[in-house]
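Contents: one structure, followed by commentary.
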Amino acid sequence: MAWNAMRYFSIGINEFNVAFDLIALLIFSIVLIAIGAYSFSKA
Amino acid sequence: MIGDIYAVYLREMIRMYRSKARMITTIVMPFLWLIVIGNAFKNAFASSMSNIDFLSFLTPGILVMTIVFTSTISGITTVFDREFGFLKEILVSPISRGSILIGKMLGGVTQAMMQAAIILLLAIAMGVSFDINGIAGMILTMFLVAVSFVSLGLAFASRFTNMEGFQMVMNFLIQPMIFLSGAFYPTRMLPSWLQWAVKLNPLTYGVECNEIFFHRNK
């Protein structure tokens, strides 16, 4: 319920959604950068 | 170190400039999506989006798609370098691996952002409007998506020895991510068993953020 309330698709737009999405995106970015850097260091 | 990064970055940019076919296809494909899908599904989605037209809904997703394709494809230069022995030469040079990595990443990110800017201008020419106050947020979102997918492209490119294998695997990986990101339709239209894939997909957050910044005042 909380998840759905929080993440209900964007066009309704609230600022909390943006913060949540940006933090999620940032976490994914850090993980993917780490994977990329690790793989490249082993190239 | 800055000089080393700049040398690698400059090489990536020169390669992009010289590879006209790559540059054109990565722009034409998203533009075709915008024209064909945007017009074909305009009426089908009209009832589910009361406050926004489908072309405006589609544009931020197409921008993210452009970023993703260009970012991952930029990894192909690493496979190319390996195939022709340049990677070995640059790895034994006095430049650190970190500088090579950052230079390649910045090159890929710049190319992706430039292509997204071109798609945005084409969308505006087609009559799509967006909130100018959200531009900083859009740039931040697209930058994060570009960095993520350039890294992913480099991760795979570091393991592959031929270009065909790299392209096939990247397409196999990227296309489901794009279709499950909500770039072309609201993700709430998907069945509940696919919602977990949507939530675990990093692109969902990028597309949604971009949509929010794009339509801020609508």
Side-chain angles (χ1 to χ4, degrees), chain A, chain B residues 48-52 57 60 75 78 81-82 87-88 91 97-98 100-102 104-105 134 137 140-141 143-159 182 185-189 195 198-218:
Chain A
M1 280 296 283
W3 177 272
N4 286 336
M6 205 162 62
R7 302 269 298 105
Y8 187 71
F9 182 74
S10 64
I11 307 295
I13 300 177
N14 67 58
E15 296 299 324
F16 185 69
N17 257 357
V18 182
F20 182 86
D21 287 339
L22 273 177
I23 291 166
L25 190 60
L26 192 65
I27 292 167
F28 276 119
S29 303
I30 292 166
V31 171
L32 289 174
I33 290 168
I35 293 170
Y38 176 78
S39 293
F40 194 75
S41 72
K42 301 287 174 193
Chain B
S48 58
M49 294 171 192
S50 54
N51 57 345
I52 199 161
F57 164 78
T78 307
D81 286 349
R82 184 200 291 273
L87 189 66
K88 200 180 279 179
L91 287 176
R97 281 194 186 215
I100 302 167
L101 180 74
I102 295 169
K104 278 187 173 290
M105 278 173 69
L140 175 67
T141 306
F143 176 80
L144 287 175
V145 173
V147 169
S148 305
F149 283 85
V150 166
S151 305
L152 190 69
L154 275 174
F156 279 92
S158 306
R159 301 283 167 193
Y185 42 80
T187 49
R188 65 170 181 267
M189 287 180 172
Q195 292 297 330
V198 169
K199 285 164 192 166
L200 289 172
N201 181 3
L203 259 190
T204 305
Y205 304 96
V207 168
E208 192 167 282
C209 251
N210 218 23
E211 281 169 352
I212 292 171
F213 287 120
F214 199 88
H215 303 298
R216 226 174 147 83
N217 286 335
K218 288 183 182 168

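Here is the naming used below: chain letters follow the sequence lines, and residue numbers restart at 1 for every chain. Atoms considered below: every heavy atom in the structure, side chains included; atoms not considered: hydrogens, waters and symmetry mates.
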Check your understanding: With chain A, which of B:Leu101, B:Leu154, B:Leu87, B:Val147 has the greatest number of heavy-atom pairs at distances under 4.5 Å?
Key ->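 The candidate making the most pairs under 4.5 Å is B:Leu101.
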Study note, to complete from the structure: Scored by heavy-atom pairs under 4.5 Å with chain A, the best of B:Gly75, B:Gly98, B:Ala155 is B:Ala155
Check your understanding: How would you list, by chain and number, every residue that makes a ring-ring contact (aromatic ring centres under 6.0 Å, His included) with B:Phe156, sequence neighbours excluded?
Key -> none
So what's closer than 4.5 Å to chain A heavy atoms on [X]: side chain, backbone, both or neither?
X: B:Ile102; value: neither
X: B:Leu140; value: side chain
X: B:Arg159; value: side chain

Exercise for review: With side chain to side chain contact (heavy atoms under 4.5 Å, CB included) as the test, would you mind laying out the steps for A:Asp21 and B:Glu211 before giving the verdict?
Suggested key: CA-CA 11 Å; A:Asp21 287 339; B:Glu211 281 169 352; over 6 Å; no
**Study point:** Listed once per pair and sorted, the side chain to side chain donor-acceptor pair (under 3.5 Å) pairs that draw on residues 24-40 of chain A, sequence neighbours left out
**Key:**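 Residue pairs with at least one partner in residues 24-40 of chain A: A:Ser29-B:Ser148.
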Check your understanding: How many angstroms lie between atom CD1 of A:Ile33 and atom CG of B:Leu144, to the nearest 0.5 angstrom?
Key -> 8.0 Å
Exercise for review: Using atom types as modelled and distance alone, determine if a side-chain donor or acceptor of B:Tyr205 lies under 3.5 Å from a backbone N or O of B:Lys199.
Suggested key: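 A pair under 3.5 Å: yes.
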